[in-house]
Amino acid sequence: MNTGSTGGRRRLPLSLRRRAVPWERQRPTWREARPAVIAGALKRARARPSGNWYVVGASRDVRGDRPLARTVAGREVVVWRDAGGRAVAGPGICPHLGAPLRDSPVRCGTLVCHWHGLALDGGPFAGWEPFPAHDDGVLVWVRLDAVGGEPPLDAPVVPRRPAEARALSAVYTGVGTCEPEDVVANRLDPWHGAWFHPYAFVDLTVVGAPDGPDEDEDEDRFTVDVSFKVAGRLVVPVRAVFTAPGPRTVVMRITEGEGAGSVVETHAVPLGPDDRGRPRTAVVEAVVAASGRPGFAVARGAAPLLRPLVRAAAGRLWRDDLAYAERRWALRATGRFPG
């Protein structure tokens, strides 16, 4: 992709669409978005090892005064920081009389049950056994061997990211009525972007994709040329590559254009059934942005103000994409899914 001026970088990251076409006149993508290609990539993603690691939430949400709580595949999980600041995790049910530890405070690195005062410092105690936890600086993970059923890994498969010192990160979380595979399938269908999200993407072309359902690759790659809409005909063109390094993770990495090296990680976390027995899945999406422009240091300094804006943008996209995933699950559950 041509990035413009001297030195391969535009003075400004913006471009002006000179041949903008109305939404209904853009090139249809349904012939290229072959169900067999998407299904094959999904099947291969689901076969990749996770080591039984599940994302719980954002690292910055794991605090020293209260636990971060999540239900994963019906198991209550709590994560907090011990006296040394290390993330520790374990069951969210007190082993004494079953109190919900999500409602208990943390004092000096110890989680203190608010029913009878049972104190947990992160080590085995009184029938409470910790789960392995991993804090990668952006996200916190727990390993649930009884849930995953795979050979365990010592650490999760964390995608390569820009260095923390030069990046801005934000984490969005949403919940839908579907299964993790429906979320992953959504991300392995880049062809829907400009049709389903016209407020965000234009001029989308998938320039590289797996050939078919039996592609023998360690990591499928979907390469996309797309422009992010800014205002009117102003856009930011980039090339992005989608990969699925694990059964519940899809990574979009900008490889050319503004923000090259930035990543968007989408993690699908099974929560358990709702009161009607339908599956619920959390989408935990980490946006890790980087840029070599001098002004980006100012943006990083304003990270506390920018993170809510990044989360809001992700939330708008995921209102659509969770509807896509929920529709896919509803059709699968009733035997009507045509893919």
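Residue indices begin at 1 and follow the sequence shown.
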Q) Under a 4.5 Å cut-off applied to non-hydrogen side-chain atoms, are L168 and L306 in contact? A) yes
Q) Could you give the distance from CZ (R221) to OG1 (T255), rounded to the nearest 0.5 Å? A) 7.5 Å
Q: Return yes if some donor-acceptor pair links the side-chain N/O of N52 with the main-chain N/O of V147 below 3.5 Å, else return no.
A: no
(Q) Before you tell me yes or no, could you show the steps for L234 and L16 under side chain to side chain contact (heavy atoms under 4.5 Å, CB included), namely the whole-Å CA-CA distance, both residues' side-chain angles and the distance that decides it to 0.1 Å? (A) CA-CA 5 Å; L234 287 175; L16 184 67; 4.3 Å; yes
Q: Check ring pair (Phe, Tyr, Trp, His ring centres under 6.0 Å) between W23 and all other residues, then give those that pass, not counting sequence neighbours.
A: W195
Q) Nearest heavy-atom pair of P105 and H114: which atoms, and what distance? A) CD-CB, 4.3 Å
Q | Nearest non-hydrogen partners of P210 and R34, listed with the distance | A | O-NH2, 4.4 Å
Q) Hey, mind stepping through D154 and H134 against side chain to side chain donor-acceptor pair (under 3.5 Å) and telling me if it holds? A) CA-CA 9 Å; D154 291 337; H134 181 84; over 6 Å; no
Q) Does atom CZ of R327 have more than 12 heavy-atom neighbours from other groups under 6.0 Å away? A) no
Q: Check the side chains of S291 and R293 for a donor-acceptor pair under 3.5 angstrom, ignoring hydrogens and angles.
A: no
Q: Taking only Lys NZ, Arg NE, NH1 and NH2, and the carboxylate oxygens of Asp or Glu, determine whether E285 and R311 approach each other closer than 4.0 Å.
A: no
Q.
Using a 3.5 Å distance criterion without hydrogens, assess whether the side chain of S50 forms a donor-acceptor pair with backbone atoms of P247.
A. no
Q. Where the side chain of S262 meets the backbone of A290, is there a donor-acceptor pair that is under 3.5 Å apart?
A. yes
Q.
Taking A312's backbone N and O only, do any of them form a donor-acceptor pair with R316's side chain (distance below 3.5 Å, no angle check)?
A. no
Q. Which value, rounded to the nearest 0.5 Å, describes the distance between E179 atom CD and R280 atom CZ?
A. 13.5 Å
Q.
Aromatic contact between H267 and W141, with the criterion being ring centroids under 6.0 Å apart: yes or no?
A. yes
Q.
Just so I know, are the side chains of R60 and S169 near enough to count as touching, which here means a heavy-atom distance under 4.5 Å?
A. yes
Q. R102: what forms a salt bridge (Lys or Arg N to Asp or Glu O under 4.0 Å) with it, not counting sequence neighbours?
A. none
Q) Hey, what do you get for OG1 (T205) to CD (Q26), rounding to the nearest 0.5 Å? A) 10.0 Å
Q: Report the distance from atom CG of D225 to atom CD of E256, rounding to the nearest 0.5 Å.
A: 7.5 Å
Q. Do V310 and V171 come within less than 4.5 Å of each other through their side chains, counting heavy atoms only?
A. no
Q: Flag the pair N186 / H192 as yes when at least one side-chain heavy-atom distance between them is below 4.5 Å, and no otherwise.
A: yes
Q) Do P152 and W53 touch side chain to side chain, with heavy atoms closer than 4.5 Å? A) no
Q) So do the side chains of R81 and D135 get within less than 4.5 Å of each other, counting heavy atoms only? A) yes
Q. Are F222 and W191 close enough that their ring centers fall under 6.0 Å?
A. yes
Q) Shared ILVMFWY cluster between V142 and V78, side chains joined below 4.5 angstrom? A) no
Q.
Tell me if the CZ atom of R46 is crowded by more than 12 foreign heavy atoms within 6.0 Å.
A. no
Q) Can R276 and D274 be said to form a side chain to side chain contact (heavy atoms under 4.5 Å, CB included), step by step? A) CA-CA 5 Å; R276 294 170 56 184; D274 64 13; 3.6 Å; yes
Q: Please answer whether the main-chain N or O of V138 pairs with a side-chain N or O of S59 as donor and acceptor at a distance below 3.5 Å.
A: yes
Q) If two hydrophobic side chains count as joined below 4.5 Å and joins carry through other members, does V230 share a cluster with L317? A) yes
Q: Tell me, with the steps shown, if V236 and S15 meet side chain to side chain contact (heavy atoms under 4.5 Å, CB included).
A: CA-CA 6 Å; V236 178; S15 293; over 6 Å; no
Q) So which heavy atom on P162 is nearest to which on G261, and how close? A) CG-O, 3.3 Å
Q.
For a quick test of reading the model, state the closest non-hydrogen atom pair linking V157 to P49 and the distance between them.
A. CG2-O, 4.3 Å
Q: Would you sort out whether D320 and H197 count as a side chain to side chain donor-acceptor pair (under 3.5 Å), showing the intermediate values?
A: CA-CA 8 Å; D320 289 344; H197 308 294; 3.3 Å; yes
Q | Within one Ile-Leu-Val-Met-Phe-Trp-Tyr cluster: L111 and F125, side-chain cutoff 4.5 Å | A | yes
Q) Salt-bridged, R107 to D65, with N to O below 4.0 Å? A) no
Q | Lys NZ or Arg CZ of R166 over F296 ring: under 6.0 Å, within 45° | A | no
**Q.** Y54 six-ring centre to R248 NZ/CZ under 6.0 Å and within 45° of normal
**A.** yes
Q.
Evaluate L101 against W128 for side chain to side chain contact (heavy atoms under 4.5 Å, CB included), listing each step before the verdict.
A. CA-CA 11 Å; L101 294 177; W128 188 89; 3.8 Å; yes
Q) How is the hydrophobic cluster of Y172 composed, in terms of its other members, when Ile, Leu, Val, Met, Phe, Trp and Tyr link through side-chain heavy atoms under 4.5 Å apart, directly or indirectly? A) V183, V283, W318, L322
Q) Looking at CG of L42 and CG of L188, how far apart are the two atoms once the value is rounded to the nearest 0.5 Å? A) 6.5 Å
Q. Considering the options T249, V250, T243, V251, which one meets the side-chain contact (heavy atoms from CB on, under 4.5 Å) requirement together with R187?
A. V250
**Q.** Distance in Å, E326 CD paired with T281 OG1, rounded so as to fall on 0.5 Å steps
**A.** 9.5 Å
Q. Quick one: do V62 and V158 end up in the same hydrophobic cluster if we chain Ile, Leu, Val, Met, Phe, Trp and Tyr together by side-chain heavy atoms under 4.5 Å apart?
A. yes
Q) Between D145 and R143, is the closest basic N to carboxylate O distance under 4.0 Å? A) yes
**Q.** Test log, rule salt bridge (charged side-chain N to carboxylate O under 4.0 Å, His left out), inputs E76 and R70
**A.** CA-CA 6 Å; E76 295 178 43; R70 172 80 72 201; over 6 Å; no
Q.
Quick check against the 3.5 Å criterion: does R75 have a side-chain atom that pairs as donor or acceptor with the backbone of A73?
A. yes
Q.
With a 4.5 Å cut-off on side-chain heavy atoms, are P279 and P273 touching?
A. no
Q. Do other residues, nucleotides or ligands put more than 12 heavy atoms under 6.0 Å from the CZ atom of R160?
A. no
Q | Electrostatic pair R328-D182, nearest N-O below 4.0 angstrom | A | yes
Q.
Under 4.5 Å between side-chain heavy atoms, counting indirect links through other Ile/Leu/Val/Met/Phe/Trp/Tyr residues: same cluster for L204 and I254 or not?
A. yes
Q) Which heavy-atom pair separates S104 from P67 by the least distance, and what is that distance? A) O-CD, 3.0 Å
Q. Between the side chains of T110 and D121, is a donor N or O closer than 3.5 angstrom to an acceptor N or O?
A. no
Q) Is the closest side-chain heavy-atom distance between F201 and S227 below 4.5 Å? A) no
**Q.** Heavy-atom pair of closest approach, residues C108 and A83
**A.** O-CB, 3.8 Å
**Q.** Side-chain ion pair, E265 and R161, N-O less than 4.0 Å
**A.** yes
